[in-house]
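Accompanying notes for the structure given below.
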Amino acid sequence: MGRGSYTASDWSRLRKSRSLDSASSANQIFLKNEMDPRFDPRFIAKREARDSEEHPNSTPIMIGVDVTGSMGYLSTQIIKESLNELMQKLYSSNLVQDPQLLFAAIGDARTDFAPLQVTQFESDIRIAEQLLDLWIENRGGDAPEDYQLLWYFAKYHTDIDSFNKRGKKGYCFTIGDADFHEELEADSISKVFGDKQKADLSSKCLAEMASEQYEIFHIHIDGNSKPVIMDNIIPGRIMVVNKDMVRYLPEIIISAIQITNGMDKKAVVDQWGDMAKKVVARAISDLCIVSGSTIKF
């Protein structure tokens with residue numbers, strides 16, 4: 001996957017074809033009322049991010065958004081606005097080399113009908129087409145979620161040329177407003193992925209396994225503090241942003257990638273406009289990254 005490039009004009013045509021505008025409600029934008037089988041992990045052996053003549057140095061980027069009830073309008077706003085802005089910034093610049101994006105909708109494996117939905121890795125308007133076909137389930141409340149479902153998927157259900165050919169890790173971002181469960185139960189793995197798993201897997205173990213091939217980050221939507229459990233599991237990989245500043249998620253995500261690639265934090269902050277500078281500076285303040293290293297405990 002990963003042919004073509006994403007452009008603002010493509011997005012405009014897609015919006016027009018679906019009769020969408022800035023006033024469109026979540027129900028008008030996200031029409032699915034159940035999980036599309038294309039995005040059901042039970043039917044996905046591997047998601048592939050491949051090099052091509054057009055994109056010889058593919059950079060796989062996975063972004064998972066909490067779509068449970070506690071996120072409310074924020075998950076819709078992030079998917080409708082922030083992620084489209086991220087795609088435009090990535091593909092209209094050279095900030096990240098040959099990006100290929102995969103999006104995921106994340107919930108609670110214990111209570112949700114669709115705890116994980118996963119699109120393809122893509123480089124063109126198909127990113128947005130698939131994004132708009134996700135089911136925004138909006139079940140549950142402000143409880144621990146299962147962001148580590150995406151870590152499991154990254155480990156066992158992706159195949160990326162960047163790592164296989166060049167030893168270059170991909171990137172895996174999760175976004176939400178809750179802490180998460182300390183383990184992923186074997187029954188949940190069977191339910192979500194259809195994989196046979198004899199024992200529960202700790203979130204620490206999943207973080208270590210996924211970090212072999214991906215740089216892992218979590219963006220916590222909260223004005224005050226980091227999630228306690230997650231901070232113990234992936235310290236130095238959590239970024240905090242206020243709810244009213246989620247429009248700057250593109251700048252935060254791009255900045256984390258640049259820092260991983262060795263760019264100085266001050267230079268990263270200084271490239272953005274005045275308001276974005278403040279948000280990015282706060283978000284990346286506690287990042288402590290040794291590029292290429294595997295998370296250990």
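- Under the 4.0 Å criterion applied to side-chain N and carboxylate O atoms, Glu208 and Lys204 are not assigned as salt-bridge partners.
- The aromatic rings of Phe180 and Trp151 lie perpendicular to each other, with more than 60° between the two planes, well past the 30° mark.
- Note: Asp161 CG to Thr59 OG1 = 11.5 Å, rounded to the nearest 0.5 Å.
- Counting only N and O atoms by type, the side chains of Thr260 and Glu215 include no donor and acceptor under 3.5 Å apart.
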Start with the C-alpha distance between Ile254 and Lys89, add both sets of side-chain angles, then the distance that settles side-chain contact (heavy atoms from CB on, under 4.5 Å), and finish with yes or no.
-> CA-CA 9 Å; Ile254 291 170; Lys89 279 185 165 65; 3.9 Å; yes

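- In this structure, CG on Asp66 lies 10.0 Å from CD1 on Ile175, to the nearest 0.5 angstrom.
- No side-chain heavy atom of Asp222 sits under 4.5 Å from any side-chain heavy atom of Asn242.
- Crowding of Phe113 atom CZ: a count of heavy atoms from other residues, nucleotides or ligands under 6.0 Å not exceeding 12.
- The CD atom of Gln120 sits 13.5 Å away from the CZ atom of Phe103 when rounded to the nearest 0.5 Å.
- Between His218 and Ile234, some side-chain heavy-atom pair lies under the 4.5 Å cut-off.
- To the nearest 0.5 Å, atom OG1 of residue Thr174 and atom CG of residue Leu150 are 7.0 Å apart.
- The two residues Arg47 and Val118 make their nearest non-hydrogen contact at NH2-O, 2.8 Å.
- A donor and an acceptor atom, one from each side chain of Glu185 and Gln197, are nowhere located under 3.5 Å apart.
- Under the rule for a side-chain contact (heavy atoms from CB on, under 4.5 Å), the partners of Lys32 that lie at least two apart in sequence or sit in another chain are Asp36, Asp133, Trp135.
- Side chains of Lys226 and Asn232: no donor on one and acceptor on the other come within 3.5 Å.
- Every residue meeting the ring pair (Phe, Tyr, Trp, His ring centres under 6.0 Å) condition with Tyr152, not counting sequence neighbours, appears here in chain and number order: Tyr156, Phe193.
- Contact check on Arg110 versus Asp146 returns a salt bridge, with a Lys/Arg side-chain nitrogen under 4.0 Å from an Asp/Glu carboxylate oxygen.
- Side-chain atoms of Asp112 come within 3.5 Å of backbone N or O of Asp108 as a donor-acceptor pair.
- For the salt bridge (Lys or Arg N to Asp or Glu O under 4.0 Å) test, residues two or more places apart in sequence or in another chain that qualify with Asp270 are Lys266.
- The minimum heavy-atom distance linking Ala281 with Val269 is given by the pair CA-CG2, 4.0 Å.
- Asp195 and His157 share a donor-acceptor pair across their side chains, judged by distance under 3.5 Å alone.
- Considering CD of Gln148 and CG of Leu116, their distance stands at 10.5 Å, rounded to 0.5 Å.
- Counting heavy atoms from C-beta on, the side chains of Leu206 and Lys155 never come closer than 4.5 Å.
- Here the CG-CD distance, from Asp200 to Glu182, works out to 12.5 Å after rounding to the nearest 0.5 Å.
- By the 4.5 Å heavy-atom criterion applied to side chains, Phe39 and Gln130 are counted as neighbours.
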What's the verdict on salt bridge (Lys or Arg N to Asp or Glu O under 4.0 Å) for Glu212 and Lys169, showing C-alpha distance, side-chain angles and the deciding distance?
-> CA-CA 8 Å; Glu212 292 172 359; Lys169 291 186 180 184; over 6 Å; no

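- Across Ile233 and Ser203, no two heavy atoms sit closer than the pair CD1-CB, 3.6 Å.
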Go through the steps to decide whether Lys265 and Ile284 satisfy the test side-chain contact (heavy atoms from CB on, under 4.5 Å), and finish with yes or no.
-> CA-CA 8 Å; Lys265 281 187 179 181; Ile284 69 173; 4.2 Å; yes

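- Considering Ile238, Val268, Ile259 in turn, Ile259 is the only one that fulfils the side chain to side chain contact (heavy atoms under 4.5 Å, CB included) rule with Leu287.
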Step-by-step side chain to side chain donor-acceptor pair (under 3.5 Å) determination, Gln258 to Gln271 | CA-CA 11 Å; Gln258 291 176 312; Gln271 73 186 315; 2.5 Å; yes

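- Side chain to side chain, Asn57 and Asp51 fail the donor-acceptor criterion of an N or O pair below 3.5 Å.
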Salt bridge (Lys or Arg N to Asp or Glu O under 4.0 Å) between Lys277 and Glu251, intermediate numbers included | CA-CA 9 Å; Lys277 282 183 181 180; Glu251 289 86 347; over 6 Å; no

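- Under the 4.5 Å side-chain criterion, counting only non-hydrogen atoms from C-beta, Leu131 is in contact with Met87.
- By the 4.5 Å heavy-atom criterion applied to side chains, Met239 and Phe217 are counted as neighbours.
- The environment of NZ in Lys196 is sparse: at most 12 heavy-atom neighbours from other residues, nucleotides or ligands sit within 6.0 Å.
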Derivation and outcome, side-chain contact (heavy atoms from CB on, under 4.5 Å), residues Ile160 and Gln100 | CA-CA 10 Å; Ile160 56 175; Gln100 295 185 7; over 6 Å; no

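- In the model, Thr158 has a side-chain atom that pairs as donor or acceptor with a side-chain atom of Tyr214 under 3.5 Å.
- Side-chain contact, Arg50 with His55: no donor N or O sits under 3.5 Å from an acceptor N or O.
- Minimum heavy-atom separation, Ile216 to Arg237: O-CD, 3.2 Å.
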Chi angles and distances behind the side-chain contact (heavy atoms from CB on, under 4.5 Å) call for Phe173, Ile252 = CA-CA 11 Å; Phe173 293 87; Ile252 292 171; over 6 Å; no

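- Within the 3.5 Å criterion, the main-chain N or O of Met35 finds no donor-acceptor partner in the side chain of Arg38.
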Would Glu145 and Thr68 count as a side chain to side chain donor-acceptor pair (under 3.5 Å) if you check the C-alpha gap in whole Å, the side-chain angles of each, and the deciding distance to 0.1 Å?
-> CA-CA 8 Å; Glu145 309 300 350; Thr68 60; 3.3 Å; yes

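- Contact detail for Phe121 and Ile61: the closest heavy-atom pair is CE2-N, 4.0 Å.
- Counting only heavy atoms from C-beta outward, the side chains of Ile221 and Val246 approach each other to under 4.5 Å.
- Residues Arg166 and Ser58 have side chains in contact (heavy-atom distance under 4.5 Å, counting atoms from C-beta outward).
- What you find for Asp177 and Tyr147 is that their closest heavy atoms are N-OH, 3.5 Å.
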